Amino acid sequence: TQLPPVRLTGTKYGCGGGGCGACTVMVSRYNPSTKTIRHHPVNACLTPICSLHGAAVTTVEGIGSTTTRLHPVQERIAKCHGTQCGFCTPGMVMSMYTLLRNHPEPTLDQLTDALGGNLCRCTGYRPIIDACKTFCKASGCCQSKENGVCCLDRGINGLAEFQEGDKTSPDLFSEEEFLPLDPTQELIFPPELMTMAEKQPAKTRVFCGDRLTWISPVTLKELVEAKFKYPQAPIVMGNTSVGPEVKFKGVFHPVIISPDRIEELCVVNFISGLTLGAGLSLDQVKDILADVVRKLPEEKTQTYRALLKHLRTLAGSQIRNMASLGGHIVSRHLDSDLNPLLAVGNCTLNLLSKDGKRQIPLSEQFLRKCPDADLKPQEVLVSVNIPCSRKWEFVSAFRQAQRQQNALAIVNSGMRVLFREGGDVIKELSILYGGVGPTTISAKNSCQKLIGRPWNEEMLDTACRLVLNEVTLPGSAPGGKVEFKRTLIISFLFKFYLEVSQSLKRLDPGHYPSLAETYESALEDLHLKHHWRTLTHQSVDPKQLPQDPIGRPIMHLSGIKHATGEAIYCDDMPAADPELFLAFVTSSRAHAKIMSVDLSEALSLPGVVDIITADHLQDANAFTNPFAPENPETFLAADEVHCVGQLVCAVVADSQTLAKQAAERVKVVYQDLEPPILTIEEAIQHKSFFGPERKLECGDIDEAFKMVDQILEGEIHIGGQEHFYMETQSMLVVPKGEDGEIDVYVSTQFPKYIQDIVASTLKLSVNKVMCHVRRVGGAFGGKVGKTGVMAAITAFTARKHGRAVRCILERGEDMLITGGRHPYLGKYKAGFMNDGRILALDLEHYCNGGHSLDESSWVIETGLLKMDNAYKFPNLRCRGRVCKTNLPSNTALRGFGFPQAGLITEACITEVAVQCGLSPEQVRTINMYKEINITHYKQEFSAKTLTECWRECMAKSSYSLRKTAVGKFNAENSWKKRGLAMIPLKYPVGLGSVAMGQAAALIHIYLDGSVLLTHGGIEMGQGVHTKMIQVVSRELRMPMSNVHLRGTSTETVPNANASGASLVADFNGLAVKDACQTLLKRLEPIINKNPHGTWKDWCSSTILFLFRGYEADMNWEKGEGHPHEYFVCGAACSEVEIDCLTGNHKVSTTWECLLTTCERLKLHTCAYWMEILLCVGLCSELRTVIINLVSVQGSVLVCFSGTGPFWTHLCFQRKDLRCMTLIVTKDRPGTVALRLSHNYRHGLCVKPKQALQRELQYSGGILGSERLFRVEAFPRGKRPGNFLG
C-alpha cells in the first residue's frame, strides 16, 4: 500500500553528496547486546532508506515547533541571530541536538567538531558558535589559557584595550532568558524498536526494487554467502563512497550488500596490537584510539596518535559517523588520509570467504590494487590489525588542505622510521604520499637507500633529492598545483625530520643536540588555539522610547521558523497535482556546432512527457537581457554552443529522478569549432571583447610621468569565485487556466525581471504573470539573469502542457550552468616620488565575462568608479574591457567589481612601498584623500570620516606595538612568519541612476488595527523584512507584533528593482516610511479627536507609496557624474601568520572593525554580516571584532577590517529611518553643510548644494536656487519648533 507523503520539509537538500550538512538528521540505534542506545548525526542525502531498518530517525520537526514547544537549541540559534537565509539552519540545529544528546555539557572542542560538517554561506559561523557555546561548561571564554592568563583578562590579543569614548554594550542577547536544557525531557527511543531488536529472530533482509536488490545479512556467515553469490556487489556500510559514485558518476549496482550489526565486524581487541572491526565507523575508531592513547605509554602509540590526528580533521562529524573503517580502506581513494598511515604502520587485513580465512598486508601493492595483493571478489574484510609501535620507532602524519576540516587533502603523507637500539642509525624507513598520483605512492626505493644512514642533515639532504626523483609529478598532473604539491612533498619530509630529531632529544638529551630555536616554529600547529572575538557596539540612546525597535537586537522575523524547519522555500511547496518535473540537457563542449540531437531513447522511457528544444520556442527563443540590451541571447542553443553548461534542451517527466535519467540519454553530436577562448590572455590576443572600452581620466597623466622619480609597471591576476548559495536555483510554475494567467514561484532577487521575461516568452501581457518570492536560501548576486532564463523555459513548458512544472537544479548542475565572480587581470603603471607620493597611475582592467554579457559591463564600470578606494591620484587613467570567452557567463557576486578593482590598486601601492623602502601603511597615508576632494569621476567627497577611522583604527589596533612584535617574531622564527596590514576603505554606495534606485511599498491597516506590509525587497538572509517591520513599528508607533509581512510578489508591488548592492533596506525602507507618514497624515484628524484610542478605533486604510530613488547620474562619454549617493568609510588592521613550509595560514590576532552610522535597524545583522563578508573573501577564522558606531550626517556608514579589499562589500544602509530633524539656515557659498549634534559623536560632511536641494525639494521643502543653507540635525526630542523634514 502506498502511504501518503509525510511532508516533512525541514530537512534541506543542499549538495546531494554529504558535503554541506543541510540535510543532517539524527539516527538512533539500540544495541540489544550492550543494552545501549547510540545517537549519531548522518547526512540524509547519502543514507539509503533500506539501511535504517530498526533505527529511529529524528528530524528537525521532531524536536520542537512553533505549535508545540521549542527545543533550547532552536530557541538559542534564533535568538542569538545564528540564522539569516535559514536554509542551513535545520542541519545546524540537528548537529547540535545530536551532540547534546550524547554530551549535555559539551566542551568547545566537541562543539566545533560537531559543527565541522555543516556549511553556512550567510553568517560566517560566528553567531552559530555563539548560540551553541551557551550550552558549554564555560561559555564565556575560549577555555584556553595562554601564559596562565585568561583571554578575557588580557584585553585584545594580549594588548591593553583601547579605551572606548562611547557607551558600548558587548551583548546582543541575554543567556538568562533562554530555556534551560533538560536531558530528561528529550524524546525516548521507541520501545517498539527495542522489542523488535531483542525478540525478532536475526535473519537476512532483502529489499527488491525495479532495478536494484538490497541484501542486509545479520550474521557473518550470511554475509560471506551473499558475497559468494554476488561477488561483484559492493558492501555498503555508510554509503559515503558508493553513494557519490552512483549519484555523480552514473555507476549502477544491481545488487548491494549491506551488513547490519554483525558483531564480528565491530570487534575491538588488544593483544599484541589493536584489532578493529571493519564495520566500525570512523567516529567510533576515533574514540577507541583516543582511549588507547590515554592508557598506553607513548612509545607504543606512535601509529595510533598519528591516526587520531588525521581522524580529527577527516571530513565532518556526519561522514565520520557513517563511513566505516573497512570501507575507507577498501575504497582506496587517492587522497585517503588514513591509508598512507596504515600502510607505513605495517597493518594487516583479516579476510574471510567461503574458502576460509586469509591475511594480507595493507601495503603499497594493496593500495595500487595489484591482483596478487588485493581482495578476491568473494572475500570480505572482517577486521584490521594495527601493531603497537616499538621503542626507537616514530610515526608522523601530515596533510595540507584548503581548510583544516571537512576538506579533501591536497597532499597527505604517512612516515615511519625505526632506529637501531640506542642509536640514530636508520633500521627501517617507510614514506607514503597521497594526492600526488592516481593511487597512494610509496617512496620505497628512496627509503631502501637511506637504511643504515645516521639521522642528520646530510641524510635529510640526500633524502630530499631521492624522494623528489622517485615521487614525480608531471606538469599536466590531474588537479594541477604541481609546484605546490612538489613543495609539500619535501616540506612534509623536513617536518618529519624535525619531529623525529626533537623526539630523539627527549629520549636521550645528552646524546642528541637540541633543535635550533628558529626551527622549532616549523613544528607548531597553527590551529591549536580557539579563535575568539570581542564584539562591542553602541547602546541604544537611553532617551529612545522603550517600544521603539530601531537599533535594538531584534531577532530575525523568520528565525524561529528557520530553526524549526517550518520556513517554506521554493522546493518545500506542496506538489500541484498533477505536477511535472523539468531537467536540462547541457553542452559538453566549449565551442562547437550542433550536428544532431537524438531524443528517441529519452522519449522512449515511460513517464517522459516531452523534450523542449529551440524549435519548440521558435521566435520566443531569443530574449534581451535588461543589463545588456545590445547583446540579444537565446534560451536554448539551436546551431552552436559557446560554453560547457549551455542549455541545449529540457526534458519533462513525471518525476525529478526520471527527468534526470532521461536527460542523460539525450545524445548530442558536436563538431568542434576553432579552439575555444578560455582565459583573459587568450581574449586579449584574439581581441575578443564585449562592447567598447570604458575609460575614466583626470589630470595630465603623460606629463606627470615625466616629472616623477620612479616608474613601476606590474600586473595581478585574480581568480573567480562560486556563489555557492545553499538553496540551488529553484522554481515552480503553475498555470491558472483562466485568462491565460500564470503564477511563478521562484528563488530570485529580481521578480520583475522574471515576470517580464516569462510574459515575453509566452506572449502575454505582464499583468497576467505573477511572480512570488517568500524567501531565498542565499543568492549573493547569482539569482538574477540565469534564473530568468530557466524560469522562462519552465513557464513555456507549463503553458504548453497545462500543468504545473517544477525545476530544481542539483548542486553540480547549478555550478555548471551559472557563472560566478569575474576573474580579473589588472595591469598598472605607477609614477611616484621617492617619498611614496603617487602622482601618475595608468590602469587597465580586464574581466572574464564568459560567453554572454549578462551584468559584466556594469561590473567593469563599477570597478572603474571605485578603483581609487581611499586614495587621491592627481593624474589617473583607468580603462576597462569585458572579455568574451567560451565559459559560462559570469555575473554579480558580493562587491560587484570592487573587490577585484580594489585589490589591483592595493597591490600597486604595496609594490610602490617596496620600491620606496617604506611600509605600505606609510604610502597609503600619504596618498589618502584629505579634507574635501574631487574623485576621478568629478564627484565631491569629504575625507573627514575616512581620516578619523584611519587614526582610530591605528590606535585601537596598537599598530606600532604590533609591528614591533611582528618583526621580533619573524626574526626569531625561520618557518613561521607573521604579516601585519592596515588598509583604509572608501566604498561608494549607489547604483548610478535614479531608475535603478526606485522602490515601492504597500501598507494595509485593517479594522482590528493590524497592519499588512508588502514591499519590493527580497528576503535572502539580510533580514530586510524584519527591518521593514521595524520601520512600520516606529513610524506608526505600534508594536512589531501588530505588523505582518507575507513575502514579495509582483501582484502587490509592481515594477520593483532587483534586490542587491546593499541598498534593499535603503530604498524600500524609505518607501515604507513615506507610506506610513502618508497614512498618519490621512488619519491625523481622527487621531486628534480620540488621542487615547487604539489603532482599532482609528482606522482602516491602504496606501501604496513609491520611493523615486536617489538622485544619481553618470556620463561615460564625459567621464563624470554623480553616480553615488554617499560613501562608506573605514579602516582595517589584520595580523596573519603563515607556515612557510606548507602555505597553511590563519588570522592570528585581530580584525579591527569600525562602524560609522546614525541609527541601526538591526545592529546584530550588521555585526554578523561584517564577519560573513570577511569569510566570503578570505575563508578566514575570526578571533576579535571591534565595532564602533559613529554618527555622521544621517547616513549609515560602515567600516571594518580585512586583508585586501575582499571584505569591502557592505550591507548597511543610509536613511533607513528618520532619526534627526533638519533645520535650514544660511551657510558659506557653494556648499551645504550637514552637521550632526549627537550624544556620542560629532561628524561633518559637505555635499554639493544641488544634490541636497533635490533631496529637500522631494521631501517637501522649497529651496531657492540663489540661497545657501546649513542643515543641522538635533537629537530626537530637542528639535526647535519650526523645522523642515
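If you're wondering where the values come from, they're calculated on a predicted model, not measured in any experiment. Basis for what follows: all heavy atoms, side chains included, without hydrogens, waters or symmetry-related copies.
Atom CD of Glu813 and atom CD1 of Ile808 lie 11.0 Å apart (nearest 0.5 Å). Interatomic distance, Arg799 CZ to Thr794 OG1, rounded to the nearest 0.5 Å: 15.0 Å. Expressed to the nearest 0.5 Å, how far CG of Leu732 lies from CG of Asp571 amounts to 9.0 Å. Interatomic distance, CD1 of Ile594 versus CD of Gln671, reported as 12.0 Å (0.5 Å rounding). Distance check, rounded to the nearest 0.5 Å: CE of Met790 to OG of Ser730 gives 9.0 Å. Note: Tyr745 OH to Met573 CE = 5.0 Å, rounded to the nearest 0.5 Å.
Nearest heavy-atom pair, Cys20 versus Gly14, reported as atom, atom and distance to 0.1 Å: SG-CA, 3.7 Å. Closest approach of Val666 and Ala602 over heavy atoms only: CG2-CB, 3.8 Å. What you find for Asn239 and Pro48 is that their closest heavy atoms are ND2-CG, 3.7 Å. When every heavy atom of Gly316 is checked against every heavy atom of Asn406, the shortest pair comes out as N-OD1, 3.6 Å. Minimum heavy-atom separation, Ala44 to Thr11: CB-CG2, 4.2 Å. In this structure, Ala795 and Ile742 approach most closely via the heavy-atom pair O-CD1, 4.1 Å.
Here the side chain of Thr818 pairs a donor or acceptor atom with the backbone of Asp814 at under 3.5 angstrom. Counting only distance, with no hydrogens or angles, the side chain of Arg403 and the backbone of Gln405 share a donor-acceptor pair below 3.5 Å. Of the possible donor and acceptor atoms, one in the side chain of Ser688 sits under 3.5 Å from a partner among the backbone N and O of Lys884. Put simply, the side chain of Thr748 never gets that close to the backbone of Pro751: no donor and acceptor are under 3.5 Å apart. A side-chain donor-acceptor contact under 3.5 Å links Thr679 to the backbone of Glu682. Using modelled atom types, one side-chain atom of Ser604 and one backbone atom of Glu601 make a donor-acceptor pair closer than 3.5 Å. In this structure a side-chain-to-backbone donor-acceptor pair under 3.5 Å is missing from Lys660 to Ala583. At distances below 3.5 Å, at least one donor-acceptor pair connects side-chain atoms of Gln1022 with backbone N or O atoms of Met1020. Between the side chain of Asn890 and the backbone N or O of Gly819, no donor-acceptor pair lies under 3.5 Å. Formation of a donor-acceptor pair under 3.5 Å by the Asp598 side chain with backbone atoms of Ser600 is found in this model.
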| request: Kindly indicate, with the supporting measurements, whether the criterion side chain to side chain contact (heavy atoms under 4.5 Å, CB included) is fulfilled by Leu825 and Ile684. | output: CA-CA 11 Å; Leu825 169 63; Ile684 295 172; 3.9 Å; yes
| said: Does Cys771 form a side chain to side chain contact (heavy atoms under 4.5 Å, CB included) with Val746? I'd like the steps, not just the answer. | reply: CA-CA 7 Å; Cys771 182; Val746 61; 3.4 Å; yes
| task | Go through Cys570 and Glu727 one step at a time and tell me if the side chain to side chain contact (heavy atoms under 4.5 Å, CB included) criterion holds. | result | CA-CA 9 Å; Cys570 189; Glu727 178 197 28; 3.9 Å; yes
| task | For side chain to side chain donor-acceptor pair (under 3.5 Å), just list the numbers for His717 and Glu681, CA-CA rounded to whole Å, side-chain angles, deciding distance to a tenth of an Å, and then say yes or no. | result | CA-CA 10 Å; His717 297 256; Glu681 289 80 3; 3.1 Å; yes
| request: Mind running side chain to side chain contact (heavy atoms under 4.5 Å, CB included) on Leu636 and Val648 for me, showing each step along the way? | output: CA-CA 5 Å; Leu636 297 173; Val648 176; over 6 Å; no
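In summary, the side chains of Ser747 and Lys783 do present a donor paired with an acceptor at a separation below 3.5 Å, with no hydrogens or angles considered. Side-chain contact annotation: His851 with Thr885, donor-acceptor N/O pair under 3.5 Å absent. Inspection of the Asn848 and Tyr824 side chains reveals no N or O donor paired with an N or O acceptor under 3.5 Å. Donor-acceptor pairing under 3.5 Å is recorded for the side chains of His801 and Asp610. Looking at Asp854 and Ser852, their side chains never bring a donor and an acceptor atom within 3.5 Å of each other. With hydrogens and angles left out, the side-chain atoms of Tyr13 and Glu810 include a donor and acceptor closer than 3.5 Å. A donor-acceptor contact closer than 3.5 angstrom is absent between the side chains of Glu855 and Asn625. Side-chain contact check for Gln749 and Ser1059: no donor-acceptor pair (N or O, by modelled atom type) lies under 3.5 Å. For the residue pair Thr613 and His616, a side-chain donor N or O sits within less than 3.5 Å of a side-chain acceptor on the partner. At a cut-off of 3.5 Å, with distance as the only test, a side-chain donor of Asn118 or Ser95 sits close to an acceptor on the other residue. A donor and an acceptor atom, one from each side chain of Ser241 and His333, are located under 3.5 Å apart. Side-chain contact of Gln729 with Thr787: a donor-acceptor pair under 3.5 Å is present, judged by distance alone.
Judged by the 6.0 Å distance and 45° axis criteria, Arg881 is positioned over the aromatic ring of Phe689.
Counting heavy atoms from C-beta on, the side chains of Ile319 and Leu46 come closer than 4.5 Å. Using a 4.5 Å cut-off on side-chain heavy atoms (C-beta onward), Leu762 and Phe796 make contact. Side-chain atoms of Tyr725 and Cys85, non-hydrogen and from C-beta on, never get closer than 4.5 Å to each other. Between Phe724 and Arg811, the closest side-chain pair of non-hydrogen atoms falls below 4.5 Å. Here the side chains of Trp858 and Thr891 are not in contact, with every heavy-atom distance at 4.5 Å or above. For the pair Ile410 and Phe484, the minimum side-chain heavy-atom distance is below 4.5 Å. Inter-residue side-chain proximity for Val651 and Leu582 is flagged as unmet; no heavy-atom pair is nearer than 4.5 Å. Residues Gln755 and Phe750 form no side-chain contact, since every pair of their non-hydrogen atoms from C-beta on lies 4.5 Å or further apart.
Arg774 and Glu1019 are not joined by a salt bridge, as no carboxylate oxygen comes within less than 4.0 angstrom of a charged side-chain nitrogen. Ion pair Glu722/Arg821 not flagged as a salt bridge, since none of the NZ, NE, NH1 or NH2 atoms sits closer than 4.0 Å to an Asp/Glu carboxylate oxygen. Salt bridge status for Lys12 with Asp572: present, with a side-chain N to carboxylate O gap under 4.0 Å. Ion pairing between a basic and an acidic side chain is recognised when a charged N comes within 4.0 Å of a carboxylate O; Arg806 and Glu579 show such pairing. Between Asp639 and Lys593 there is no salt bridge, since none of the side-chain N atoms of the basic residue sits less than 4.0 Å from a carboxylate O of the acidic one.
Between Tyr569 and Phe87, the ring planes are perpendicular. Angles over 60° get that label, and only those under 30° would be called parallel.
Two rings, from Phe780 and His723, have their centers 6.0 Å or more apart. For Phe623 and Phe635, the distance between ring centers is under 6.0 angstrom.
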